[in-house]
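This report refers to the structure that appears directly beneath it.
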Amino acid sequence: RGKRAFIAGVADDNGYGWAIAKSLAAAGAEILVGTWVPALNIFETSLRRGKFDESRMLPDGSLMEITKVYPLDAVYDCPEDVPEDVRTNKRYAGSTNWTVKEVAESVKQDFGTIDILVHSLANGPEVSKPVLETSRNGYLAAISASSYSFVSLVQNFIPIMNPGGSTISLTYIASERIIPGYGGGMSSAKAALESDTRVLAFEAGRKHNIRVNTISAGPLRSRAAKAIGFIDMMIDYSLQNAPLQKELTADEVGNAAAFLASPLASAITGSVVYVDNGLNAMGVGV
Ligand code: NAD
């Protein structure tokens, strides 16, 4: 039987989530995605109109099929958590069942089980502010959207994950080294995500035989990264300083995710796996 994957955080064809979906599809997995509610309309319209057809192309020439797109806002665990202004917001009012718990229930109803869970989402409203100037609300929002969202997805999806399954998130080296410009508590959020990767690997491994890993990815010109504002500089810095002097492609991260989700990685859990052309290993710039 082929594997089934749920990938949270796909809203266009530029980010890591899309590339991971493609690599998993190329390896034979069935693809379900969770798309941020306000981005759902444009994503589904673009898919339907063939705007992504070129980038849906898999190595064998076929096009990746996304079996179902679920609206998702990973900041809310259940309907009771959704504040009135969000519920009635016109970008949300057209969709239903988009809290984490409800999405997991919908996937269970539609498909029964999954084998692979991918978290490829982050948000930090004050990311462009240094930590010294970050508000409590901004910091907590970064942690909620970028770290607890993973805990919540794992909590809610583990009951429908087949034993032997695998979960993967995306992190960034700003968790452990100083990266000026990655502010607003986003560096803290990635540190929490990496720590949770270890603790959840223990808990989910012992209790459910599920593996938990995170990929520390190098810089990619995604929509989210462009919003931070320093992505071109980070790409130039990597080209200049990394052991491998080439631009990192999203596919390289996608392929690492497919490996981690596969039986080839059956003894790997609780790990931060660097997919960054080796930049993390450098001690000084050159
Ligand atoms: P992206 O814009 O493709 O993906 C981020 C996604 O998160 C978007 O689709 C957005 O709609 C979604 N999202 C935001 N808030 C959400 C919420 N509350 N609920 C559901 N979805 C929500 O950008 P990306 O850079 O590919 O980001 C994917 C992951 O990769 C993130 O965790 C990011 O931190 C990580 N990462 C990115 C880089 C980089 O340079 N681009 C480097 C290292 C790690």
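Every number for a ligand or one of its atoms is a count from 1 in the order of the listing. Below, all heavy atoms of this structure are taken into account, side chains as well, without hydrogens, waters or symmetry copies.
The side chain to side chain donor-acceptor pair (under 3.5 Å) analysis of residues 231-242, with sequence neighbours excluded, yields the pairs Arg221-Asp232. Pairs passing the side chain to side chain donor-acceptor pair (under 3.5 Å) check and including a residue from residues 6-17, sequence neighbours excluded, read Asp13-Ser55.
Without hydrogens or angle criteria, Ser128 side chain to Ile228 main chain gives no donor-acceptor distance under 3.5 Å. No donor-acceptor pair closer than 3.5 Å links the side chain of Ser271 to the backbone N or O of Ile268. Judged by distance alone, the side chain of Thr35 and the main-chain N or O of Leu40 form no donor-acceptor pair under 3.5 Å. Ser152 places no side-chain N or O within donor-acceptor distance of the main-chain N or O of Tyr148, the cut-off being under 3.5 Å. Under a 3.5 Å cut-off, the side chain of Arg211 and the backbone N or O of Gly164 do not form any donor-acceptor pair. A donor-acceptor contact shorter than 3.5 Å is absent between the side chain of Glu126 and the backbone of Thr134.
Salt-bridge annotation for Lys108 and Glu105: absent, with no side-chain N of the basic residue lying under 4.0 Å from a carboxylate O of the acidic one. The pair Glu194-Lys190 does not meet the salt-bridge criterion, since no charged nitrogen lies less than 4.0 angstrom from a carboxylate oxygen. Between Glu80 and Lys101 there is no salt bridge, since no side-chain nitrogen of the basic residue lies less than 4.0 Å from a carboxylate oxygen of the acidic one.
Between Pro219 and ligand 1, a contact under 3.5 Å exists for no N or O pair. Annotation: Asn14 places no N or O atom under 3.5 Å from an N or O atom of ligand 1; distance criterion only. Residue Gly17 has no N or O atom closer than 3.5 Å to an N or O atom of ligand 1. Checked by distance only, ligand 1 and Asp73 come closer than 3.5 Å through their nitrogen or oxygen atoms. Of the polar atoms of Ala145, none of the N or O atoms is found under 3.5 Å from an N or O of ligand 1, judged by distance alone. Residue Thr171 has no N or O atom closer than 3.5 Å to an N or O atom of ligand 1.
The single protein non-hydrogen atom nearest to atom 41 (N) of ligand 1 is Leu220 O, 3.1 Å, given as residue, atom name and distance. Protein heavy atom at the shortest distance from atom 24 (P) of ligand 1 is Ser222 OG, 3.4 Å. Regarding atom 19 (N) of ligand 1, its nearest protein heavy-atom neighbour is Ala74 N, 2.9 Å. The protein heavy-atom contact nearest to atom 9 (O) of ligand 1 is Ala11 CB, 3.4 Å. Nearest to atom 10 (C) of ligand 1 among the protein's heavy atoms is Trp36 CB, 4.3 Å. What sits closest to atom 38 (C) of ligand 1 on the protein, heavy atoms only, is Tyr16 CE1, 3.6 Å. The protein heavy atom nearest to atom 28 (C) of ligand 1 is Ser120 OG, 3.1 Å. Of the protein's non-hydrogen atoms, the one nearest atom 12 (C) of ligand 1 is Leu121 CB, 3.9 Å.
Contact atoms of ligand 1 toward Ala122: 7 (O), 14 (C), 31 (C), 32 (O), 34 (O) (distance under 4.0 Å to a heavy atom of the residue). Heavy-atom proximity to Ala224, at under 4.0 Å, picks out these atoms of ligand 1: 1 (P), 2 (O), 23 (O). The distance from ligand 1 to the heavy atoms of Arg223 drops below 4.0 Å at these ligand atoms: 2 (O). Near Gly15, meaning under 4.0 Å from one of its heavy atoms, ligand 1 places the atoms 3 (O), 26 (O). When each atom of ligand 1 is checked for a heavy atom of Ala225 under 4.0 Å away, the hits are 41 (N). Of all the atoms in ligand 1, the ones that sit under 4.0 Å from a non-hydrogen atom of Leu72 are 19 (N), 20 (C). Ligand 1 places these atoms under 4.0 Å from at least one heavy atom of Ala217: 42 (C), 43 (C). Residue Ile231 approaches ligand 1 through these ligand atoms, each under 4.0 Å from one of its heavy atoms: 40 (O).
Ring-plane geometry between Phe52 and Phe43 is classed as tilted, the angle between the planes lying from 30 to 60 degrees on a 0 to 90 degree scale.
Ile7 and Phe157 fall into different hydrophobic clusters, where Ile, Leu, Val, Met, Phe, Trp and Tyr are joined by side-chain heavy atoms under 4.5 Å apart, directly or via other members.
Contact between Gly218 and ligand 1 is present, with at least one heavy atom of the residue lying under 4.0 Å from the ligand. Ligand 1 does not have Ile215 within reach: every non-hydrogen atom of the residue lies 4.0 Å or more from it.
Across Val272, Leu279, Val253, a single residue satisfies side-chain contact (heavy atoms from CB on, under 4.5 Å) together with Ser216, and that is Val272.
For the residues Lys190, His119, Lys226, the heavy atom positioned nearest atom 32 (O) of ligand 1 is part of Lys190.
Between Leu24 and Val118 there is a side-chain heavy-atom pair separated by less than 4.5 Å.
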